[in-house]
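Each chain gets a letter, A, B and so on, in the order its sequence line appears, and its residues count up from 1.
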Amino acid sequence: MHKLILGMAAAMFLTTGVANADAISDRKAAMKSNGGAIGTLVKMVKGEMDYDPAAALAAFTTIREDMEGFEDLFPEDSMTGDTTASPKIWEDMEGFKAAVAKVEADLDAAIAAAPQDKAAFMPVFQQVAGNCQACHETYRIKK
Amino acid sequence: MKRIAAALVILAIAVAAVFFWLTAPNPLPVDILAGMDEGDAMAGERIFNAGGCNSCHGGKDPAADTLPMLGGGLALKTPFGTFHAPNISPDPDTGIGKWSGADFANAMMRGVSPSGQHYYPAFPFTSYARMKPGDVADLWAYIKTLPAVARANVPHELSFPFSVRRGLGLWKLLYLSPDPVVAIDETDEKLVRGRYLVEGPGHCGECHTPRSLIGGLDKARWLGGGPAPEGDGKIPNITPDASGIGSWSAEDIAYSMESGFTPEFDSLGGSMADVQRNIARLTAEDRQAIAAYLKAAPPVASSR
């Protein structure tokens with residue numbers, strides 16, 4: 001029953017063309033998961049948690065998985081609605097895809113490096129974390 | 001009939017005289033201007049970062065190892081028209097290389113140009129007016145050490161009556177005041193420092209406080225957020241209200257200014273990204289002072 005109602009609601013959304021709510025919620029979920037993973041890494045950066053190589057690797061892996069195919073979650077009809085994605089994404093899809101490719105490459109390098117101590121971890125973390133603000137600065141807008 | 005006409009003429013002259021008198025530029029007193037050419041450039045770099053001059057007058061976040069190039073250029077789109085940030089590099093012809101320290105201080109703290117014209121508040125002198133004269137002198141010393149950039153200024157694109165600078169004199173009577181906005185415990189050094197950074201050089205209120213129809217800051221809703229003054233989007237409420245950042249601890253605020261990450265590990269984006277990178281170049285004590293002040297500011301509920 002629930003599924004039916006959800007299905008009907010989704011169908012209404014799609015037919016009225018308000019916004020592609022699925023893509024929006026999928027990409028937000030991916031980003032929320034990124035936030036959680038970065039949160040674990042920041043705890044280690046700040047020394048609130050001892051450096052744990054396995055936990056760091058797991059967090060980098062989570063973000064890598066979240067970013068896989070992220071650029072496909074931005075169909076034309078998902079520009080408006082409950083989203084903080086900036087119209088710039090659609091104006092400059094090439095640039096946006098390049099930003100996704102850049103964070104993926106940095107994550108691949110982080111996973112390959114699998115830093116074993118905090119000294120090795122810090123620069124790897126900075127390299128990955130810089131992507132979050134760089135992409136948000138250009139391709140996101142708070143409404 | 002003739003009498004009425006004569007009276008009207010006299011009235012018009014009187015109104016014009018009062019307008020002229022009220023809108024006359026008001027430069028700084030001589031004793032403050034005297035020390036303006038004796039600043040310390042090293043100390044000025046920190047003020048430059050706190051003041052975010054590079055965000056408008058420089059290029060986009062140059063790498064930390066290159067000197068800021070203050071050739072200007074950023075276009076600020078506002079409801080009144082488009083402003084183009086001018087060249088403030090030490091180039092003598094297209095920049096401000098021929099200025100004295102006194103010229104610079106009058107621009108920063110009174111919004112008055114060397115030729116006695118009013119500046120538009122798109123240049124946030126309404127906040128810089130709260131700066132310490134010594135800091136302005138240090139900033140001037142620092143700016144003079146930066147590379148000269150030859151780039152002619154682009155005129156602003158404003159519609160009447162906003163295109164008339166003289167009228168800004170009236171605006172300044174309403175909105176230009178060097179007094180602090182928030183009353184705090186004046187013996188608490190950390191809070192006093194935080195207030196100085198936020199209300200003065202940091203000019204946080206210029207973006208985070210909603211504006212009146214004629215572009216003045218609504219101090220009753222200080223830091224309460226609202227529509228972005230330029231471009232699209234919304235500026236968040238950064239008061240300690242539940243609809244603001246009441247759930248952030250002082251440590252969360254200081255860390256966000258250092259790292260760019262919010263407590264939910266979202267990141268500070270949009271125009272705040274540049275501000276954050278500048279504030280990250282200040283000391284940890286400065287960031288803690290900013291955080292303490294934001295926790296102590298009066299809570300404002302976001303208007304929805």
Quiz item: Just how far is it from atom CE of Met31(A) to atom CD of Glu264(B), taken to the nearest 0.5 Å?
Solution: 15.0 Å
Exercise. Please check if atom CE in Met93(A) has more than 12 non-hydrogen atoms from other residues, nucleotides or ligands closer than 6.0 Å.
Key: yes
Quiz prompt | Within 6.0 angstrom of Lys43(A) NZ, more than 12 heavy atoms from elsewhere | solution = no
Practice problem: Let me know if Ala37(A) has heavy atoms under 4.5 Å from chain B in its side chain, its backbone, both or neither. | Solution: neither
Quiz item: Nearest 0.5 Å, what's the CD1-CG distance between Ile38(A) and Asp266(B)?
Solution: 11.5 Å
Quiz item: Using a cut-off of under 4.5 Å for heavy-atom pairs, which of Ser259(B), Pro236(B), Gly260(B), Gly269(B) has the most such pairs with chain A?
Solution: Gly269(B)
Practice problem: Drop me the distance from Glu137(A)'s CD to Gln276(B)'s CD, to the nearest 0.5 angstrom. | Solution: 9.5 Å
Exercise. Side-chain contact test, heavy atoms from C-beta onward, threshold under 4.5 Å: evaluate it for Cys132(A) versus Phe265(B) and give yes or no.
Key: no
Quiz item: When you look at NZ of Lys32(A), are more than 12 heavy atoms from neighbouring residues, nucleotides or ligands closer to it than 6.0 Å?
Solution: no
Quiz item: Considering residues, nucleotides and ligands other than Glu189(B), do more than 12 of their heavy atoms fall under 6.0 Å from its CD?
Solution: no
Quiz item: More than 12 foreign heavy atoms under 6.0 Å from NZ of Lys219(B): is that the case here?
Solution: yes
Practice problem: Answer yes or no: does atom CG of Asp117(A) have more than 12 heavy-atom neighbours from other residues, nucleotides or ligands under 6.0 Å? | Solution: yes
Self-check item: Sidechain N-carboxylate O distance under 4.0 Å for Lys46(A), Glu251(B)
Solution: yes
